[in-house]
Amino acid sequence: MTLIKSISGIRGTIGGAVGDNLTPVDAVKFASAYGSFLKIRHASKGNERLKVVIGRDARISGPMIHNLVMNTLVGLGIDVIDLGLSTTPTVEIAVPLEKADGGIILTASHNPKQWNALKLLNEKGEFLSGKEGELILEIAENEAFDFSDVDSLGEVIENNAYMDIHIDEVLELPLVDADLVKTKKYKVVVDGVNSSGGIIIPNLLEQMGVEVVKLYCEPNGHFPHNPEPLKEHLGDICKLVVEEKADFGIVVDPDVDRLAFISNDGEMFGEEYTLVAVADYVLSKTPGNTVSNMSSSRALRDITEKHGGTYQASAVGEVNVVELMKKTNAIIGGEGNGGIIYPSSHYGRDSMVGVALFLTYLANQDKTVAEIRASYPQYYMSKNKIELTPQIDVDNVLATLTEKYKSENITTIDGVKIDFPKEWVHLRKSNTEPIIRIYTEAPTQSEADVLAERFVKELKEIAGI
């Protein structure tokens with residue numbers, strides 16, 4: 001079964017049977033449920049037409065799903081602001097700027113090309129809460145839709161300007177100094193994984209006076225490698241950064257909410273350290289608190305405390321990070337997968353914001369990117385997963401592990417996290433794929449790998465795999 005319904009949205013593979021995959025019928029059904037949810041939520045508007053912003057990444061299935069979703073909303077009497085090819089953070093900033101009632105991003109983020117998804121936003125351009133998501137699933141299940149008559153249909157308004165508007169918004173942030181960056185004459189390689197990042201990232205860099213070397217920046221949806229920006233997928237850009245004698249490399253996922261850097265020596269800066277480096281810069285100018293999720297590196301905690309702030313960890317999921325950031329008045333936060341959330345811009349992971357802040361930070365330092373990376377606390381992670389079958393009782397497996405390690409420092413707000421004195425392991429069921437994720441972190445890579453192997457083996461033994 002590859003149709004996954006969660007707080008991250010509705011996600012599935014294209015083709016196959018209705019209800020088991022993301023078919024055209026499922027796309028219409030869930031768009032109908034979302035539109036119906038908005039009509040309930042904004043019932044006080046009476047006969048005033050609601051407005052929803054829609055954008056998509058460059059996936060091959062994008063235009064098909066895009067048209068289905070837009071016209072479903074039109075059928076519900078909702079106006080659509082169509083951004084066309086866009087990014088997740090671009091749609092997020094467009095929703096409040098358009099005074100819209102919600103937004104939908106059509107993207108399966110880092111998943112391979114056969115996947116697509118509907119990511120759902122509220123009127124602030126932020127992801128819906130778990131409770132709101134459950135209500136939408138309930139509406140979909142009951143097919144409680146009431147479509148508009150012919151005189152009350154919505155309309156589609158195209159607006160292709162928002163990627164440029166997004167760049168302008170980023171360049172206007174007080175901690176972004178494009179003029180300083182221009183004096184450095186940086187050269188940067190960009191891997192846009194043949195999606196919308198291949199347009200918006202080079203445009204931002206060029207406006208900051210950076211020479212851009214493009215790699216896989218044609219937005220045709222044919223991903224040249226697995227689109228999750230992990231080391232094992234990024235051999236081409238690591239090699240090209242060295243060949244071009246570039247100052248560093250930038251990699252984004254298809255919807256441009258995850259950001260990874262390649263150091264000038266062709267080595268991975270480390271997805272986990274994207275947030276650490278940007279937070280180090282932001283906290284040096286505006287001290288305060290930070291938040292990341294439980295699967296993220298301890299290095300953010302160390303950097304936050306260095307600047308006199310307090311660090312807290314949330315459950316995995318952007319909506320959970322944002323909720324805790326608001327509660328703790330965090331200056332910056334995000335996820336260790338390269339997701340930067342900077343409230344001075346908006347409450348959403350945004351690679352554009354991350355790139356501009358990192359470039360400004362680099363321009364203020366008399367160091368190479370590799371030297372900046374070496375200056376941080378050294379932690380190493382191992383990220384593993386186990387494929388799930390319907391026979392596996394995940395809750396029972398995790399409960400058994402919790403009992404086994406009850407004498408350790410355990411957190412169970414999201415799966416099971418076991419904090420040992422010098423290392424940790426986090427085991428949880430994914431929100432976006434039929435897998436159990438096993439993340440570990442330790443002072444050396446070999447220790448992180450050994451810890452991961454140990455827990456993969458224990459999980460399989462308990463699950464009887």
[X] side chain to [Y] main-chain N or O, any donor-acceptor pair under 3.5 Å?
{"X": "Glu441", "Y": "Arg298", "value": "yes"}
{"X": "Thr274", "Y": "Gly338", "value": "no"}
{"X": "Asn122", "Y": "Glu126", "value": "yes"}
{"X": "Arg59", "Y": "Trp115", "value": "yes"}
{"X": "Thr13", "Y": "Asn21", "value": "no"}
{"X": "Asp257", "Y": "Asp350", "value": "no"}
{"X": "Ser32", "Y": "Val28", "value": "yes"}
{"X": "Tyr34", "Y": "Leu121", "value": "yes"}
{"X": "Ser195", "Y": "Asp57", "value": "no"}
{"X": "His426", "Y": "Asp414", "value": "yes"}

Min side-chain heavy-atom separation [X]-[Y] under 4.5 Å:
{"X": "Glu98", "Y": "Asn159", "answer": "yes"}
{"X": "Glu272", "Y": "Lys383", "answer": "yes"}
{"X": "Val397", "Y": "Leu459", "answer": "yes"}
{"X": "Glu228", "Y": "Pro254", "answer": "no"}
{"X": "Phe248", "Y": "Val241", "answer": "no"}
{"X": "Val355", "Y": "Leu204", "answer": "yes"}
{"X": "Met352", "Y": "Glu169", "answer": "no"}
{"X": "His42", "Y": "Glu123", "answer": "yes"}

Atom [atom1] of [X] and atom [atom2] of [Y]: how far apart are they, to the nearest 0.5 Å?
{"X": "Asp419", "Y": "Trp424", "atom1": "CG", "atom2": "CH2", "result": "8.5 Å"}
{"X": "Ile386", "Y": "Asn384", "atom1": "CD1", "atom2": "CG", "result": "8.5 Å"}
{"X": "Ser430", "Y": "Ile4", "atom1": "OG", "atom2": "CD1", "result": "6.5 Å"}
{"X": "Leu300", "Y": "Tyr273", "atom1": "CG", "atom2": "OH", "result": "10.5 Å"}

Check step by step if side chain to side chain donor-acceptor pair (under 3.5 Å) holds for Tyr380 and Thr440. CA-CA 8 Å; Tyr380 296 84; Thr440 61; over 6 Å; no
Side-chain ion pair, [X] and [Y], N-O less than 4.0 Å:
{"X": "Glu335", "Y": "Arg258", "answer": "no"}
{"X": "Glu403", "Y": "Lys406", "answer": "yes"}
{"X": "Arg41", "Y": "Asp101", "answer": "no"}

Step-by-step salt bridge (charged side-chain N to carboxylate O under 4.0 Å, His left out) determination, Arg454 to Glu458: CA-CA 6 Å; Arg454 173 180 141 197; Glu458 289 190 28; 3.5 Å; yes
Measure across [X] and [Y] and return the closest heavy-atom pair with its distance rounded to 0.1 Å.
{"X": "Ile331", "Y": "Pro343", "answer": "O-CD, 3.2 Å"}
{"X": "Thr23", "Y": "Gly16", "answer": "CG2-O, 3.6 Å"}
{"X": "Cys238", "Y": "Met268", "answer": "SG-SD, 4.4 Å"}
{"X": "Tyr311", "Y": "Arg301", "answer": "CD2-CB, 3.6 Å"}
{"X": "Pro219", "Y": "Cys217", "answer": "CD-O, 3.4 Å"}
{"X": "Ile340", "Y": "Gly354", "answer": "CG1-CA, 4.0 Å"}

Check Asp191, Leu230, Asp236, Asn194 against His225 for a side chain to side chain contact (heavy atoms under 4.5 Å, CB included) and give me the one that passes.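 The passing option is Asp191.
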Does the cation-pi check pass for Lys119 over Phe127, that is, NZ or CZ under 6.0 Å from the six-membered ring centre and within 45° of its axis?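 No.
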side-chain hydrogen bond (donor to acceptor under 3.5 Å, both in side chains): which pairs involve residues 76-87, sequence neighbours left out?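 Pairs touching residues 76-87 that pass the test: Arg49-Asp79, His66-Asp82, Thr87-Thr90.
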Side chain to side chain donor-acceptor pair (under 3.5 Å) between Gln445 and Asp449, worked out: CA-CA 6 Å; Gln445 190 63 58; Asp449 292 341; 3.0 Å; yes
Just list the side-chain donor-acceptor pairs under 3.5 Å for residues 67-78, sequence neighbours left out, or say none.
| unit_1 | atom_1 | unit_2 | atom_2 | d |
| --- | --- | --- | --- | --- |
| Asn67 | ND2 | Pro63 | O | 3.1 |
| Asn71 | ND2 | Asn67 | O | 2.9 |
| Thr72 | OG1 | Leu68 | O | 2.6 |

Please confirm whether Phe455 and Tyr405 have ring centers closer than 6.0 angstrom.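 Centroid separation for Phe455 and Tyr405: below 6.0 Å.
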Hey, is [atom1] on [X] packed in by over 12 heavy atoms from elsewhere, all under 6.0 Å?
{"X": "Glu461", "atom1": "CD", "value": "yes"}
{"X": "Asn142", "atom1": "CG", "value": "yes"}
{"X": "Lys385", "atom1": "NZ", "value": "no"}
{"X": "Lys39", "atom1": "NZ", "value": "yes"}
{"X": "Lys417", "atom1": "NZ", "value": "yes"}
{"X": "Lys214", "atom1": "NZ", "value": "no"}

Describe, in one word, how the ring planes of Phe269 and Phe261 are oriented to each other, choosing from parallel (under 30°), tilted (30 to 60°) and perpendicular (over 60°).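 Geometry flag for Phe261 against Phe269: perpendicular rings.
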